[in-house]
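The structure appears below as structure tokens.
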Protein chains: 2
Amino acid sequence: MLARSTSRAIVTDRCASLGCSVCRGIDSAIKQELERLARVRRYAAGETVFGEEEEIPFVGNVVSGVLRMQKTIPDGRQQIVGLLVPSDMFGRVFSHRSQVSIEAATPVTLCCYSRRAFEALLGRFPALEHRMLLSILDELDAAQDWMMLLGCQTVMERVATFLLIVRGRSPGLSAPAPNRPTSYEIEVPINRRDMAAYLGTTAESISRSIQEMARQGVLRIADACHFEILNERQLIWLSGRGEAERRPERQLLIA
Amino acid sequence: MLARSTSRAIVTDRCASLGCSVCRGIDSAIKQELERLARVRRYAAGETVFGEEEEIPFVGNVVSGVLRMQKTIPDGRQQIVGLLVPSDMFGRVFSHRSQVSIEAATPVTLCCYSRRAFEALLGRFPALEHRMLLSILDELDAAQDWMMLLGCQTVMERVATFLLIVRGRSPGLSAPAPNRPTSYEIEVPINRRDMAAYLGTTAESISRSIQEMARQGVLRIADACHFEILNERQLIWLSGRGEAERRPERQLLIA
DNA sequence: AGTTTAATTTGATCTGAAACAAGGTTCGCG
DNA sequence: CGCGAACCTTGTTTCAGATCAAATTAAACT
């Protein structure tokens, strides 16, 4: 009990002040209301927070761990349409049923608000709803980037892009370093199977791409989840966003 | 001049009353403001409304024609991340630069509002901003569906899905028919190249899939853009959303 | 109508990545 | 410590779909 309420206090504090991106810079009246609503939930790796087509009883933000948002077709194929890391909001406001299932990819701690209550709050505080809008627009931009990745990039490019994203989120970059000795050690927080489902490929292909990068000296493999990036420029080039050194320029061949 | 202002009057009326989905059911004070802001623009097929990374001077909704939202990587590969058809909103509020380019896939007529002015309106009318939020959430759901399609479906499934979407939007379904003799004739409003860029494949593969469907008796090809759906059940099955007749059920093979 | 030009279809070949199949490694647990 | 269960890597085979090439059809221009 004690331990529980202690952690709750800590966690709800983080929800409102550190945690969810929509709450940043929001006035304290709203923060207080949010704290009042907040309830902590924990899930073990592999547990389902809610399934596809299910009711959405609550929304909230991730305190620790990683969630995957995924969709499944009847024959069993799965696609991860988003990963949720600490400070991300999860759930879906203003919709009865979820279009995705949300599952714990690692053990997670969530800070949850009743969906109804949260929606009511959005109605009462337009500034909060505005924050929400901005945050969803960012998600939409990210979704479009991912469509491009899935629609027309090679597996190697996808893996490189993913590693760069992980690198971008890893500590050392979050704090604006003065002299930029940004940590070149990254930790991939999910296993190969989930990476594959996220990148629209297979665990085998992921493995081959990473080993190939190591062979090229782009990175060093400490263990399956820990890498040291040795040649960031090359990694960026592999991701397909390079300057396009020698590209054919096909369209302007009209004499 | 006369013709121009005539069409403007007609069009702005449609913008506010028929046109954009966010305006539906919005009170008339807002509608009037919107009409005051509205300016019509026309583009020929192939013209760019605004390019990737460009300023976003205006937002608005499509009155007629089809726009494509697309992203390009340095080496020239392109992915269409969304098609915009009449009544869809285009543009991006609360962002200086666009993450996608918007181009006319056919001749289009747009009803445009200055982005700044529209944003100001959203600030003044929380109900309008709420509508906007709902509309963007729908877009996000659609984007997630598309990620699944690009990440783990075959070309045949993608084409079938696309045709079903076109069918769902074709007239006869928009009006809730009493006895449901829904039009089984569909018109694909874009060419094979754009279909390919949207579905993450090539024009050749699109062509092969459609010809194969015709061979199976799923549809009849009137011309490159007009089909008659002969067996909708089969088309749904081909799209991969079927009941999954005989699926292996791999995971539960633990004796 | 006749010529150019673009779009679509069809055919043949090639290839990146999936699928299948072993091994190897790591970790938790009795 | 040894056993089982995931997880990851590596090797081999197979195949869907890309690429290349050519023929056909349709649209646009004069």
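Letters A, B, ... mirror the listed sequences (proteins, then strands); counts begin at 1.
Remark: the backbone N or O of B:S205 is paired with a side-chain donor or acceptor of B:S209 at under 3.5 angstrom. A distance-only check finds no donor-acceptor pair linking the side chain of B:Q144 to the backbone of A:G82 [under 3.5 Å]. In terms of modelled atom types and a separation under 3.5 Å, the side chain of A:R158 and the main chain of A:G200 share a donor-acceptor contact.
The phosphate of C:dA17 (OP1 or OP2) has no side-chain N or O of A:S205 nearer than 4.0 angstrom. Contact check, A:T201 against C:dA18: a side-chain N or O comes under 4.0 Å of OP1 or OP2. One finds no side-chain N or O of B:S207 lying less than 4.0 angstrom from the OP1 or OP2 phosphate oxygen of C:dT8. Look at B:R193 and you won't find any side-chain N or O under 4.0 angstrom from OP1 or OP2 of C:dA7. The shortest distance between the side-chain N/O atoms of B:T202 and the OP1/OP2 oxygens of D:dA18 is below 4.0 Å.
C:dT8 atom P lies 10 Å from atom CD1 of B:I190, rounded to whole Å. Put simply, CD1 on A:I221 is 13 Å from P on C:dT26, counting in whole angstrom units. In this structure, CZ of A:F227 is placed 7 Å from P of D:dT9, rounded to the nearest angstrom. In this structure, B:L150 places its CG atom 19 Å from P of D:dA16, rounding to the nearest Å. As a whole-Å value, the separation of A:M213 CE from D:dT9 P is 13 Å. One can place CG of B:L199 at 12 Å from P of D:dG17, the figure rounded to the nearest angstrom.
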Under 4.0 Å protein heavy-atom contacts per nucleotide of nucleotides 20-30 of chain D, with B for base, S for backbone only and - for none: B----------

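Two end axes, each from the C1' atoms of five base pairs, can be drawn for the helix from C:dA1-D:dT30 to C:dA22-D:dT9; they diverge by 40°, to 10 degrees.
One distance of note links CH2 of B:W146 with CD of B:Q79; it measures 9.5 Å at 0.5 Å rounding. Interatomic distance, A:E103 CD to A:I80 CD1, rounded to the nearest 0.5 Å: 8.5 Å.
Using bins of under 30°, 30° to 60° and over 60° for the plane-to-plane angle, the ring pair A:F58/A:F90 lands in the perpendicular bin.
Residue pairs meeting the salt bridge (Lys or Arg N to Asp or Glu O under 4.0 Å) criterion with at least one partner in residues 49-62 of chain B, sequence neighbours excluded, are B:E55-B:R97.
Within a 6.0 Å sphere centred on CZ of B:R77, heavy atoms belonging to other residues, nucleotides or ligands number more than 12.
Minimum atom distance to the side chain of B:A224 is reached by C:dT8, of the listed C:dT8, D:dC8, D:dA18.
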